[in-house]
Amino acid sequence: MIAGLQIDHVGIAVKSIEKSLQLWRDGLGASVSEKEEVPSQKVLVAFLNTGEGKTELLEPTSDDSPIARFIEKKGEGIHHIAYKTEDLSSTLTRLKEQGAQLIYDEAQPGSHGTMINFIHPATSGGVLIELVQYPAAREELS
Ligand code: ZN
């Protein structure tokens with residue numbers, strides 16, 4: 001069952017989280033989570049607490065990180081929009097049945113104990129869409 005769709009976060013590719021925080025934290029006053037490395041994506045992430053829809057800064061940790069390749073091709077900027085799903089696996093099954101192209105065959109571990117996958121922009125109107133499922137015990141993160 002589809003119980004509506006909520007934006008979890010907007011992901012922004014940056015060369016350096018520390019440098020970006022001069023604007024986001026020091027200039028705009030956002031509070032910022034601890035940085036966390038996400039090995040499956042070869043990125044370091046930090047979340048800005050911007051209400052229910054958070055802002056994620058992603059810094060590549062390796063030259064072959066998807067974020068490194070994105071920055072090389074397009075420069076820093078908005079990389080994806082993430083939506084919460086309560087049942088990632090059935091959502092992925094439904095999307096596959098509809099012919100949507102997913103980035104990974106199986107969900108991958110994301111930050112904060114989440115499971116994630118992405119819909120390829122080729123089948124989602126040019127927007128890279130991340131789907132996030134939180135661990136059952138803690139639906140919301142501060
Ligand atoms: Zn994200």
Side-chain angles (χ1 to χ4, degrees), residues 1-96 98 100-142:
M1 197 187 88
I2 305 173
L5 197 60
Q6 277 193 313
I7 290 185
D8 185 72
H9 63 268
V10 174
I12 300 178
V14 301
K15 291 178 186 167
S16 160
I17 288 174
E18 271 315 308
K19 191 161 169 261
S20 303
L21 289 179
Q22 288 171 15
L23 172 77
W24 291 104
R25 181 189 56 205
D26 307 339
L28 291 168
S31 64
V32 185
S33 71
E34 291 295 310
K35 283 183 233 169
E36 179 180 348
E37 190 170 352
V38 183
S40 75
Q41 303 301 307
K42 297 182 180 170
V43 289
L44 197 59
V45 302
F47 282 88
L48 309 176
N49 295 322
T50 47
E52 286 195 35
K54 296 180 282 294
T55 303
E56 175 186 40
L57 303 176
L58 304 111
E59 173 185 324
T61 54
S62 136
D63 286 345
D64 63 347
S65 156
I67 294 299
R69 292 199 299 266
F70 177 88
I71 290 174
E72 199 180 290
K73 248 166 78 178
K74 302 189 174 173
E76 295 178 304
I78 292 181
H79 178 258
H80 63 268
I81 302 177
Y83 296 89
K84 278 179 223 180
T85 174
E86 282 171 20
D87 186 350
L88 182 57
S89 107
S90 73
T91 302
L92 296 177
T93 303
R94 198 168 53 239
L95 289 167
K96 281 183 198 168
Q98 290 181 348
Q101 189 184 336
L102 304 175
I103 300 289
Y104 301 106
D105 280 341
E106 302 292 336
Q108 302 287 309
S111 62
H112 300 108
T114 57
M115 292 304 287
I116 61 171
N117 203 339
F118 294 87
I119 309 173
H120 195 285
T123 52
S124 51
V127 180
L128 179 61
I129 293 177
E130 178 180 4
L131 297 169
V132 184
Q133 182 175 353
Y134 282 88
R138 33 173 204 158
E139 183 69 16
E140 286 299 322
L141 295 161
S142 56

Quickly, which of K84, E130, K54 forms a side-chain hydrogen bond (donor to acceptor under 3.5 Å, both in side chains) with H9? Name it, please.
E130
With rounding to the nearest 0.5 angstrom, report the CD1 to CD1 distance, I12 to I17.
11.0 Å
So how far is it from Q108 CD to N117 CG, rounded to the nearest 0.5 Å?
7.0 Å
Residue pairs involving residues 114-128 (criterion salt bridge (Lys or Arg N to Asp or Glu O under 4.0 Å); sequence neighbours excluded)
none
I need the minimum non-hydrogen distance between V14 and P60, along with the two atoms involved.
O-CD, 3.3 Å
Just by modelled atom types, is the D105 backbone N or O under 3.5 Å from a matching donor or acceptor in the K96 side chain?
yes
Residue pairs passing the side chain to side chain donor-acceptor pair (under 3.5 Å) test where at least one lies in residues 13-24, sequence neighbours excluded:
E18-K35
Is there side-chain contact between L131 and L95, with at least one heavy-atom pair below 4.5 Å?
yes
Would you say CD of E34 has more than 12 non-hydrogen atoms from neighbouring residues, nucleotides or ligands within 6.0 angstrom?
no
So how far is it from F70 CZ to L58 CG, rounded to the nearest 0.5 Å?
10.0 Å
Out of curiosity, I7 CD1 to Y83 OH, how far, rounded to the nearest 0.5 Å?
4.5 Å
Heavy-atom neighbours of L23 CG exceed 12 at 6.0 Å:
yes
Look up atom OG1 in T55 and atom CG in L48, then write down how far apart they are to the nearest 0.5 Å.
5.0 Å
Relative to each other, are the rings of F118 and H80 parallel, tilted or perpendicular (30° and 60° limits)?
perpendicular
d(S89 OG, M115 CE) to nearest 0.5 Å is 10.0 Å
Can you name the residues that form a side chain to side chain donor-acceptor pair (under 3.5 Å) with T123, not counting sequence neighbours?
none
Within-4.5 Å side-chain heavy-atom neighbours: Y104 and S40:
no
Looking only at heavy atoms, the pair that brings S62 and K42 closest together is OG-CD, 3.9 Å
Closer than 3.5 angstrom, by distance alone: can the side chain of H120 be matched with the main-chain N or O of A122 as a donor-acceptor pair?
yes
Without swapping roles, check the side chain of T50 against the backbone of G53 for a donor-acceptor pair under 3.5 Å.
yes
Heavy-atom closest contact (V38 atom, P109 atom, distance):
CG1-O, 3.8 Å
For the backbone of E86 and the side chain of Q133, can you confirm whether one donor and one acceptor N or O come within less than 3.5 Å of each other?
yes
I need the minimum non-hydrogen distance between G113 and P135, along with the two atoms involved.
O-CG, 3.3 Å
Taking atom CG of D64 as the centre, report whether more than 12 heavy atoms of other residues, nucleotides or ligands fall under 6.0 Å from it.
yes
Could you check if a side-chain atom of H79 sits within less than 4.5 angstrom of a side-chain atom of L128, using non-hydrogen atoms only?
yes
